[in-house]
Amino acid sequence: MPSSPLPDYRDPCGWNRMLAPRAPGPSAEGTIRARYAIVGAGYTGLAAARRLRELDSSADIVVLEGTEIGEGSSGRNSGFANPRDSKIGLSTTQMDRAEKLNEFAAEGFAYLLEAMERGGFSCDLERTGRITGAATELGAEKIRSMAEGAQSHGFAHEFLDAGGMESKTGSRYYRCGIRTEEGYLLQPAALIRGLADSLPAGIRLFENSPVLGLERGTGWTLRTARARIEAEHVILATNAAIKHFGFWRDGLVTIYTYAGITEAMAPADAEHLGVPAWGLLPAHRLGTTVRRIGADRMMVRSFYAYEQPIEPARARDALTGCFHRRYPMLRHVELEHVWGGTTALTMNGSPRWGQLDAGLYGSAGCNGSGLVKGTVLGKRLAEMIVTGDPQEALQAVYGRANRIAPEPFRTLGFHIISALERRKAGAEM
Ligand SMILES: Cc1cc2nc3c(=O)[nH]c(=O)nc-3n(C[C@H](O)[C@H](O)[C@H](O)COP(=O)(O)OP(=O)(O)OC[C@H]3O[C@@H](n4cnc5c(N)ncnc54)[C@H](O)[C@@H]3O)c2cc1C
């Protein structure tokens, strides 16, 4: 078992650094009793906390976060939120499932919007649409098939040739792309701070309080360095870090991925950044995500590392290369912030979710789209706990995550697959 239960975040989160400093809330101390204790204050944990409070208004709820708000992966991501767009290029049977998945996504997104409105905070949420861009012939094939799917399903879209991509993004790097109307961008650290700082009364949030151990008695006892928390129900909303507690070790992989934000650019440089607001996802899953931030900065996200973080200098070089290849005219522009974060992958993309034991629950494995998915999974987990509804519809649509091959085959398999996929991805990276 690793000595720290937390992901090895290493560098501070750039998004969080770009906001005004925030004093973290108190750490857990002494003996604390609550009906519900939630471990992890990411999107999943905070959605679960809010929903528990809505459904069980007299309950005492405790949330324990190992780091400070904004420094977990919920503050470290690229800030793409997509409530309804998994339709394109899918066959008819997949379309049925996509429709149902979209309903859950829409629910998660609406729950976030409601929290923003009630909490009265801003996270620079903007409906920008979403571009998927291709820099290789293989990627271009995928874009063409997405465009065909969109056409046949009557889904509003815009096919962009190389010139169209350049006018949208300012970059000549891409052969083509597709832009769909659905798609939002936001400042993820502002979102998670806003969610945490506007939690309803009755929810106590403790920061810098990593939970080190979990024991079963009449209820559950959680142990931090300075506190003992006794609760009737515990939710482990720690994403892949749930493996620390011995759960889903053969069902989840921790992936570290990296992001960087440029320094603020001079107006003459910022003229190369395309239309005012856009975000681009790559045609290949190992490719590079790019988005414009405000008037004068860009963000790039790329690179995947299996279970262990990479050296910060290596991440910086890789991301700088990604940025400069796309914007050779901006070779003098540097990345001001570079950081890594984690996401939890399952073999078939289905999350790990549900009851682990009497009074013990978990949710993990959002496979890189946890902003909306984590929100709906946390919300529905709370509903299952309070109402007893097993959430069969949700489980049927998301499916069950497969087991992953045991070690040493797992690590070997990951390295082989990722080497093959990297070759395929080529210039999409
Ligand atoms: C660079 C990057 C880019 C990404 N881009 C996107 C994107 O654009 N859109 C999108 O939807 N998703 C994106 N993701 C994925 C997204 O960030 C995750 O899916 C999401 O954060 C999952 O939310 P969560 O609440 O389940 O887990 P987390 O956000 O990981 O939250 C779990 C929390 O639990 C805490 N924790 C862990 N162990 C303990 C413990 N023992 N005690 C106490 N606390 C503990 C952690 O510190 C963490 O804050 C990206 C991820 C990364 C790293």
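Computed over heavy atoms, backbone and side chain alike; hydrogens, waters and symmetry mates excluded. When a ligand or atom number is given, it counts from 1 through the structure's own listing order. On a predicted model such as this, the values are computed, not experimentally measured, just so you know.
- Remark: side-chain polar atoms of R297 are not paired, donor with acceptor, to backbone N or O of R292 under 3.5 angstrom.
- Under the 6.0 Å distance and 45° angle rule, R130 does not count as a cation-pi partner of F80.
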Exercise for review: Start with the C-alpha gap between Q94 and D96, add the side-chain angles, then the distance that decides, and say whether side-chain contact (heavy atoms from CB on, under 4.5 Å) holds.
Suggested key: CA-CA 5 Å; Q94 285 175 312; D96 286 350; over 6 Å; no
Pairs under 3.5 angstrom only: tabulate donor-acceptor contacts from the side chains of residues 308-318 to other protein residues two or more places apart or in another chain.
unit_1: E311; atom_1: OE2; unit_2: R10; atom_2: NH1; d: 3.3
unit_1: R316; atom_1: NH1; unit_2: L335; atom_2: O; d: 2.7

Check each N or O atom of ligand 1 against all protein N or O atoms and list the pairs under 3.5 Å, with atom names and distances to 0.1 Å, one per line.
unit_1: ligand 1; atom_1: 5 (N); unit_2: S78; atom_2: N; d: 3.0
unit_1: ligand 1; atom_1: 5 (N); unit_2: S78; atom_2: OG; d: 3.4
unit_1: ligand 1; atom_1: 8 (O); unit_2: G79; atom_2: N; d: 3.3
unit_1: ligand 1; atom_1: 8 (O); unit_2: F80; atom_2: N; d: 3.0
unit_1: ligand 1; atom_1: 9 (N); unit_2: F80; atom_2: O; d: 2.9
unit_1: ligand 1; atom_1: 11 (O); unit_2: G370; atom_2: N; d: 3.2
unit_1: ligand 1; atom_1: 11 (O); unit_2: L371; atom_2: N; d: 2.9
unit_1: ligand 1; atom_1: 12 (N); unit_2: G368; atom_2: O; d: 3.1
unit_1: ligand 1; atom_1: 12 (N); unit_2: G370; atom_2: N; d: 3.4
unit_1: ligand 1; atom_1: 17 (O); unit_2: S73; atom_2: O; d: 3.3
unit_1: ligand 1; atom_1: 17 (O); unit_2: N77; atom_2: ND2; d: 3.4
unit_1: ligand 1; atom_1: 19 (O); unit_2: G370; atom_2: N; d: 3.0
unit_1: ligand 1; atom_1: 21 (O); unit_2: S74; atom_2: OG; d: 3.4
unit_1: ligand 1; atom_1: 25 (O); unit_2: Y43; atom_2: N; d: 3.0
unit_1: ligand 1; atom_1: 25 (O); unit_2: T44; atom_2: N; d: 3.0
unit_1: ligand 1; atom_1: 25 (O); unit_2: T44; atom_2: OG1; d: 3.3
unit_1: ligand 1; atom_1: 26 (O); unit_2: T44; atom_2: OG1; d: 2.7
unit_1: ligand 1; atom_1: 29 (O); unit_2: S74; atom_2: N; d: 3.1
unit_1: ligand 1; atom_1: 29 (O); unit_2: S74; atom_2: OG; d: 2.6
unit_1: ligand 1; atom_1: 41 (N); unit_2: V211; atom_2: O; d: 3.0
unit_1: ligand 1; atom_1: 42 (N); unit_2: V211; atom_2: N; d: 2.8
unit_1: ligand 1; atom_1: 44 (N); unit_2: G66; atom_2: N; d: 2.9
unit_1: ligand 1; atom_1: 47 (O); unit_2: Y9; atom_2: OH; d: 2.9
unit_1: ligand 1; atom_1: 47 (O); unit_2: E65; atom_2: OE2; d: 2.7
unit_1: ligand 1; atom_1: 49 (O); unit_2: E65; atom_2: OE1; d: 2.8
unit_1: ligand 1; atom_1: 49 (O); unit_2: E65; atom_2: OE2; d: 3.0

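- For residues 187-204, the set of pairs meeting the side chain to side chain donor-acceptor pair (under 3.5 Å) definition, not counting sequence neighbours, comprises N16-R193, R22-D197, D60-R204.
- Identified under the ring-ring contact (aromatic ring centres under 6.0 Å, His included) test for residues 185-237, with sequence neighbours left out: Y36-H233.
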